[in-house]
Amino acid sequence: MIGPVICHAHDDPELLALVRRYVTPERRYMKLSGSVLRMQSPEYDRFLRRLSEDAGVITVNEIATLLEGGWRERRTATWLVAVSRRTEFRERLGGLLLASEVCCAGPAYCVALASSGTPRDSELLVAYLDRYLRPPRCGADRLRPDRFDRVGQAVGFSVGR
């Protein structure tokens with residue numbers, strides 16, 4: 001079986017230029033994981049300002065090119081989509097999330113879909129959860145809905161079926 005086709009920056013001059021412009025400055029791709037939440041001002045303010053500026057100038061074609069790259073390129077492109085609220089990438093991001101082709105990009109896809117907050121975004125997120133977070137189907141480890149109901153009632157909500 002042939003795996004996903006992922007472009008590599010060292011093989012593609014256009015992708016390499018975009019990586020240098022949007023992905024690697026100040027190790028942006030790393031900060032878009034969780035370290036952005038630990039930043040303090042003024043670093044945090046500068047980081048968000050630059051991310052917002054880039055989200056405003058990156059083109060649709062540039063985002064599409066970055067989404068063909070590896071996890072660093074996809075994570076960065078997806079955050080730029082989220083910040084700029086570009087809904088035209090909804091189906092593409094949902095497809096990438098469901099395919100789970102590369103590591104480290106999934107949370108970014110979720111952020112982008114959740115930031116739009118439409119019913120279709122919710123459907124894509126639920127499809128992902130249904131596919132990858134299904135309860136195990138074996139013996140004592142099996143998670144049963146009635147157990148969720150009991151836990152839910154204990155914390156004040158009801159789990160629908």
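If you're wondering where the values come from, they're calculated on a predicted model, not measured in any experiment.
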Partner residues of R28 under the salt bridge (charged side-chain N to carboxylate O under 4.0 Å, His left out) criterion, sequence neighbours left out:
D54
What pairs with E43 under side chain to side chain donor-acceptor pair (under 3.5 Å), at least two apart in sequence or on another chain?
none
On a heavy-atom basis, which atom in A82 and which in A112 lie closest, and how many Å separate them?
CB-CA, 3.7 Å
Just jot down the salt bridge (charged side-chain N to carboxylate O under 4.0 Å, His left out) partners of R120, sequence neighbours excluded, or say none.
E91, E123
Is a side-chain donor or acceptor of S84 paired with a backbone partner of G56 at a separation under 3.5 angstrom?
no
Considering only residues two or more places apart or on different chains, which pairs with a residue in residues 47-80 satisfy ring pair (Phe, Tyr, Trp, His ring centres under 6.0 Å)?
Y29-W71
Any donor-acceptor N/O pair, K31 side chain to L37 backbone, under 3.5 Å
no
Hey, is CZ on R20 packed in by over 12 heavy atoms from elsewhere, all under 6.0 Å?
no
Pairing residues for Y109 by the ring pair (Phe, Tyr, Trp, His ring centres under 6.0 Å) criterion, not counting sequence neighbours
none
Mind checking whether L96 and L67 have side chains closer than 4.5 Å, heavy atoms only?
yes
Using side-chain contact (heavy atoms from CB on, under 4.5 Å) as the criterion, list what pairs up with S122, not counting sequence neighbours.
none
Partners passing side chain to side chain donor-acceptor pair (under 3.5 Å) against S116 (at least two apart in sequence or in another chain)
none
Considering all heavy atoms, the nearest A77-I63 contact
CB-O, 4.1 Å
Kindly state each residue pair satisfying side-chain hydrogen bond (donor to acceptor under 3.5 Å, both in side chains) with at least one member in residues 33-42, sequence neighbours excluded.
S41-D45
With heavy-atom distances below 4.5 Å as the criterion, would you say the side chains of T78 and L93 are in contact?
yes
Kindly write out the residues that satisfy salt bridge (charged side-chain N to carboxylate O under 4.0 Å, His left out) with D121, not counting sequence neighbours, or none if the list is empty.
R90
Test of understanding: clusters of I, L, V, M, F, W, Y form through side-chain heavy atoms closer than 4.5 Å, transitively. Do L98 and V111 belong to the same one?
yes
In the structure I gave you, are the side-chain heavy atoms of T59 and E62 within less than 4.5 Å of one another anywhere?
yes
Residue set satisfying ring pair (Phe, Tyr, Trp, His ring centres under 6.0 Å) with Y132, at least two apart, ordered chain then number -> Y128
Please determine if R74 and E68 form a salt bridge, counting it only when a charged side-chain N lies under 4.0 Å from a carboxylate O.
no
Within the 4.5 Å heavy-atom criterion, are L51 and L32 side-chain neighbours or not?
yes
Hey, any chance L16 and L80 share a hydrophobic cluster, counting ILVMFWY side chains that come within less than 4.5 Å of each other, even indirectly?
no
